[in-house]
Every structure is written in C-alpha cells, then in structure tokens.
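Everything numeric here is computed off the predicted structure, so don't read it as measured data. Remember, it's 1-based here, ligands and their atoms both numbered in the order they're listed.
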Amino acid sequence: MTRLRLAVQSKGRLAEGGMDLLKKCGLQFAYGRDRLHQRAENMPVDMMLVRDDDIPNFVASGACDYGIVGENVLVEEQFAGRRGKELEIALRLGFAKCTLKLAAPKDGPIKSVADLEGKAIATSYPALTKAYLEERGISAEIVEMNGSVEVAPRLNIAEAICDLVSSGATLEANGLAAFETVLRSEAVLVRRKTGREPEADAIAEILMRRSEGVINSAQTKYIMLNAPVDRLEAIKSLLPGSDAPTIAQIVGRDDVVALHAVCRERVFWETLEALEAEGARAILVLPIEKMLA
Ligand code: PRT
Ligand code: ZN
C-alpha cells in the first residue's frame with residue numbers, strides 16, 4: 001500500500017511547528033525525534049527528518065512526495081534556478097512567520113533601496129536579493145554568508161544586509177535598522193507540480209483538510225455570554241469575525257438571552273470590555289480544538 005513520504009526539518013524553527021501540526025492532525029509516531037525516518041502508526045505516512053535546505057531537492061527528485069519548508073527557502077531555490085522551480089505550494093501553514101528585510105547601520109547613510117547602488121550586501125538569500133535589486137535597477141555586490149549575517153556591517157564585510165527578521169531583536173542588538181521588506185514568509189507545504197502519485201496525493205488531501213481545520217481553529221474562539229434583549233444588535237456587532245450566532249432562551253427570563261458564537265478572529269480584552277459595557281454578562285471565551293467547516 002502506498003505511503004505518503006513527507007520531508008520535515010529535523011531540528012529548528014520548522015521542526016517543532018511541523019511536528020505539532022502533524023500531531024494535531026491526528027498522526028501518531030512511534031519513535032523519538034533523533035531518527036531520519038519516522039513512521040506514523042495510525043496513517044500511511046512516513047516522515048523523513050532532514051535539513052530544511054535539502055527539502056526542495058528531496059521533493060523535486062521524488063525522494064519525498066511533500067515537504068514542509070520556509071517560503072523563503074522555496075523562493076530562493078526558485079530564483080536561483082534550481083529544482084525549487086519544479087515545486088508548488090500546496091498549502092500555507094501559518095507558522096514560522098518572518099520577513100526577509102534589507103537593513104543597514106542605524107546611524108549610517110543607507111536609508112533606502114536607492115542608497116544601495118554600488119554597495120555590498122551580505123545575505124544567505126543571494127538569488128532573491130539580487131532579483132529584488134535588479135528589478136529596481138540597482139546594481140550592488142552580493143556577499144553570500146551562511147549565518148550570522150547581522151555581523152557583516154560591523155566587520156566591514158558589507159554595508160548592508162538582507163536577512164530574516166521575526167521579532168527584530170537581532171537587528172536591534174547589532175545596531176541595524178530595516179528599511180525595506182523583500183519577502184513575507186511562513187511555513188508552506190510543497191509538492192511537485194507534475195508527476196505525483198495519485199495515491200500519495202489522496203493521503204495528503206486528508207492531511208491538508210485536517211491542517212486547515214487546525215490552522216483555522218488556532219485563532220478561532222467560542223464565545224458564550226448573556227445579553228440583554230434590547231442590546232442584542234449592538235452586542236452582535238461587536239463579535240469579531242462571527243456570522244450567525246445562536247440565541248437561546250434563559251429559563252425564567254425574558255429580558256436576557258444566551259448568545260453563543262464562533263469568532264474567527266482574535267478576541268482581545270478590549271472586545272470583552274466593550275461587550276460588558278453594552279450589558280453582556282457571564283462572558284466566556286473558549287478555545288476550539290478542532291473544526292471542520
Ligand atoms: O539546520 P537547518 O538548515 O535545518 O536549519 P536553519 O538554521 O537553516 O533554519 P532555522 O531553524 O533557523 O529556520 C528555519 C526557517 O524558519 C527559516 O527558513 C524561516 O522560514 C523560518 N524563520 C522564522 C526564521 C525566523 N523566523 C528567524 N527569526 N529563520 C531564521 N530567523 C533568524 C533571524 O534571521 C535572526 O537571525 O533568527 C534570528 C532571530 O530573529 P529575531 O528577528 O527574532 O531577532
Ligand atoms: Zn537551513
């Protein structure tokens with residue numbers, strides 16, 4: 001019987017989020033994390049644990065059917081003219097979000113893309129950076145580095161950098177300021193554009209549908225509250241991303257009803273305070289574990 005072969009980063013930022021998502025999709029794995037292969041016990045899925053940079057190649061060559069990779073790695077492979085071109089995004093996974101940014105010393109002369117003309121830029125994403133600058137008519141020298149790109153300006157290796165940013169703390173700590181976003185990235189599920197096995201695709205479809213349920217339910221909350229009947233419309237309009245709430249009678253009360261709603265956007269404290277100000281009481285916000293639309 002066909003098993004879906006899935007490439008996942010062995011350790012790093014994509015490994016944890018990837019495993020977490022697969023577990024929430026119901027996959028159970030038998031062994032610890034230190035093996036190259038992991039076999040799901042309850043579904044026809046085999047995982048191959050590898051370095052993220054190798055994943056596009058593994059999927060393109062057919063060694064794996066699908067893979068979880070940062071969009072930044074995929075796009076770099078595509079711009080570099082390597083095998084990433086043979087891949088497509090099957091599903092955006094919503095974790096490991098980051099941005100690829102151009103940055104330069106905070107107090108230096110480089111404040112915009114135009115200031116990069118004739119300068120040296122250090123990056124682990126040479127093809128992406130080059131394409132971005134060429135498109136804007138800038139000619140600059142690309143200095144390829146495989147890590148610690150943020151130290152390049154201080155070491156006079158380059159005047160600017162193009163690197164991934166999530167919190168921005170690394171830039172800050174190195175006296176750098178970002179002035180341009182080159183790419184927004186998140187973890188993505190990739191597969192070959194052509195030449196896939198229908199049986200593997202069918203297994204992947206189940207996982208993707210479950211993943212969508214997991215991703216959608218992550219921010220989604222179930223809100224329950226009691227609402228004065230005469231404030232019902234105002235209260236309904238405050239509920240973030242909810243379409244049709246359920247209204248139920250409360251025994252012995254005709255001035256107050258119970259309202260239950262699924263909210264598809266983040267529910268902030270400010271929202272709860274606004275609901276309370278409109279007369280809502282007994283407000284409960286519950287997490288939703290699984291969801292099928
Ligand atoms: O060993 P292997 O090659 O598999 O791992 P790796 O070192 O290449 O990858 P890893 O685990 O560091 O990152 C894997 C993927 O996570 C990246 O390709 C991105 O898609 C994604 N990701 C999300 C990030 C970040 N956020 C991130 N912040 N990758 C790297 N960083 C770096 C950033 O460049 C900075 O140097 O983390 C540092 C801290 O960032 P700040 O802004 O929070 O300070
Ligand atoms: Zn890597």
Side-chain angles (χ1 to χ4, degrees), residues 6-22 33-38 47-61 63-64 66-80 82-84 87-106 121-129 131-132 142-155 157-158 160-191 211 215 218:
L6 186 62
V8 182
Q9 190 191 30
S10 53
K11 60 175 198 299
R13 289 183 169 83
L14 296 166
E16 209 171 302
M19 282 299 282
D20 189 48
L21 177 65
L22 293 173
R33 291 289 320 280
D34 50 358
R35 299 199 174 210
L36 176 63
H37 278 103
Q38 287 217 12
M47 275 203 320
M48 206 162 171
L49 301 173
V50 292
R51 284 201 58 178
D52 68 340
D53 315 72
D54 293 330
I55 291 176
N57 238 327
F58 281 16
V59 178
S61 68
C64 293
Y66 281 68
I68 294 177
V69 71
E71 204 174 347
N72 47 299
V73 169
L74 174 70
V75 177
E76 174 68 16
E77 289 289 310
Q78 291 172 334
F79 273 115
R82 291 192 287 263
R83 297 200 70 175
L87 306 181
E88 64 181 16
I89 294 178
L91 187 67
R92 311 185 74 85
L93 300 176
F95 66 89
K97 285 188 179 173
C98 56
T99 47
L100 183 66
K101 289 191 173 184
L102 284 161
K106 220 182 293 178
I121 304 162
T123 185
S124 307
Y125 299 88
L128 238 165
T129 306
Y132 190 84
I142 307 288
V143 181
E144 190 172 346
M145 288 177 72
N146 287 320
S148 305
V149 171
E150 65 278 0
V151 303
R154 218 175 335 130
L155 300 179
I157 295 169
I161 68 167
C162 187
D163 198 12
L164 294 177
V165 178
S166 51
S167 70
T170 303
L171 290 186
E172 178 76 38
N174 288 280
L176 302 169
F179 54 85
E180 184 87 1
T181 296
V182 174
L183 181 82
R184 281 177 209 289
S185 175
E186 65 187 275
V188 291
L189 183 70
V190 294
R191 63 183 175 203
S211 298
I215 296 162

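With Glu186, Lys11, Arg13 as candidates, the residue nearest to atom 22 (N) of ligand 1 on a non-hydrogen basis is Arg13. Evaluated by nearest non-hydrogen atom to atom 26 (N) of ligand 1, the leading choice among Cys98, Ala169, Ser185, Ala187 is Cys98.
Within ligand 1, the atoms closer than 4.0 Å to a non-hydrogen atom of Leu164 are 17 (C), 19 (C), 24 (C), 29 (N), 30 (C), 33 (C), 34 (O), 35 (C), numbered from 1 in the order shown. Every atom of ligand 1 is numbered from 1 in the order shown, and the set under 4.0 Å from a heavy atom of Gly70 is 20 (O). Under a 4.0 Å criterion applied to the non-hydrogen atoms of Val165, ligand 1 contributes the atoms 42 (O). Every atom of ligand 1 with a heavy atom of Gly12 under 4.0 Å away is listed here by number and element: 11 (O). When each atom of ligand 1 is checked for a heavy atom of Asn72 under 4.0 Å away, the hits are 17 (C), 18 (O), 19 (C), 20 (O).
Taking a distance limit of 4.0 Å, we find that atom 20 (O) of ligand 1 is approached by some protein heavy atom.
The shortest heavy-atom contact between Leu6 and Gly67 is CD1-N, 4.1 Å. The shortest non-hydrogen separation linking Gly147 to Ser124 is N-OG, 4.2 Å. Of all heavy-atom pairs between Pro153 and Leu176, the closest is CG-CD2, 3.9 Å. Annotation for Arg13 and Ala96: closest pair O-CB, 4.5 Å, computed over non-hydrogen atoms. The two atoms that bring Cys64 and Ala7 nearest to each other are SG-CB, 3.8 Å, heavy atoms only. Smallest separation of non-hydrogen atoms from Met145 and Ala152: SD-CB, 3.8 Å.
The distance from the CD atom of Glu76 to the CG atom of Asn72 is 9.0 Å, given to the nearest 0.5 Å. Atom CG in Leu21 sits 11.5 Å away from atom CG in Leu14 (nearest 0.5 Å).
Of all protein heavy atoms, the one lying nearest to atom 41 (P) of ligand 1 is Ser167 OG, 3.4 Å. Closest to atom 8 (O) of ligand 1 among all protein heavy atoms lies Asp52 OD1, 3.3 Å. Ranking protein heavy atoms by distance to atom 1 (O) of ligand 1, first place goes to Arg51 NE, 3.4 Å. Regarding atom 28 (N) of ligand 1, its nearest protein heavy-atom neighbour is Ser166 OG, 2.9 Å.
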| Where do Leu102 and Ile121 land on the side chain to side chain contact (heavy atoms under 4.5 Å, CB included) test, with the steps shown first? | CA-CA 9 Å; Leu102 284 161; Ile121 304 162; 4.2 Å; yes
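At least one N or O atom of Gln9 sits closer than 3.5 Å to an N or O atom of ligand 1. Between Gly168 and ligand 1, an N or O atom pair is found at a separation short of 3.5 Å.
With a 4.0 Å heavy-atom cut-off, ligand 1 is reached by the backbone of Thr170 and by its side chain too.
With sequence neighbours excluded, the residues that form a salt bridge (charged side-chain N to carboxylate O under 4.0 Å, His left out) with Lys106 are Glu172.
Of all protein N/O/S atoms, those under 2.8 Å from the Zn ion (ligand 2) are Asp52 OD1, Asp53 OD1, and waters are not counted.
Within the structure, the salt bridge (charged side-chain N to carboxylate O under 4.0 Å, His left out) test picks out no pair touching residues 95-105 (sequence neighbours left out).
Within 6.0 Å of atom CZ in Arg184, 12 or fewer heavy atoms from other residues, nucleotides or ligands are found, so the atom counts as exposed in its surroundings.
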Which side-chain N or O atoms in residues 48-60 pair as donor and acceptor under 3.5 Å with protein atoms at least two apart or in another chain?
none

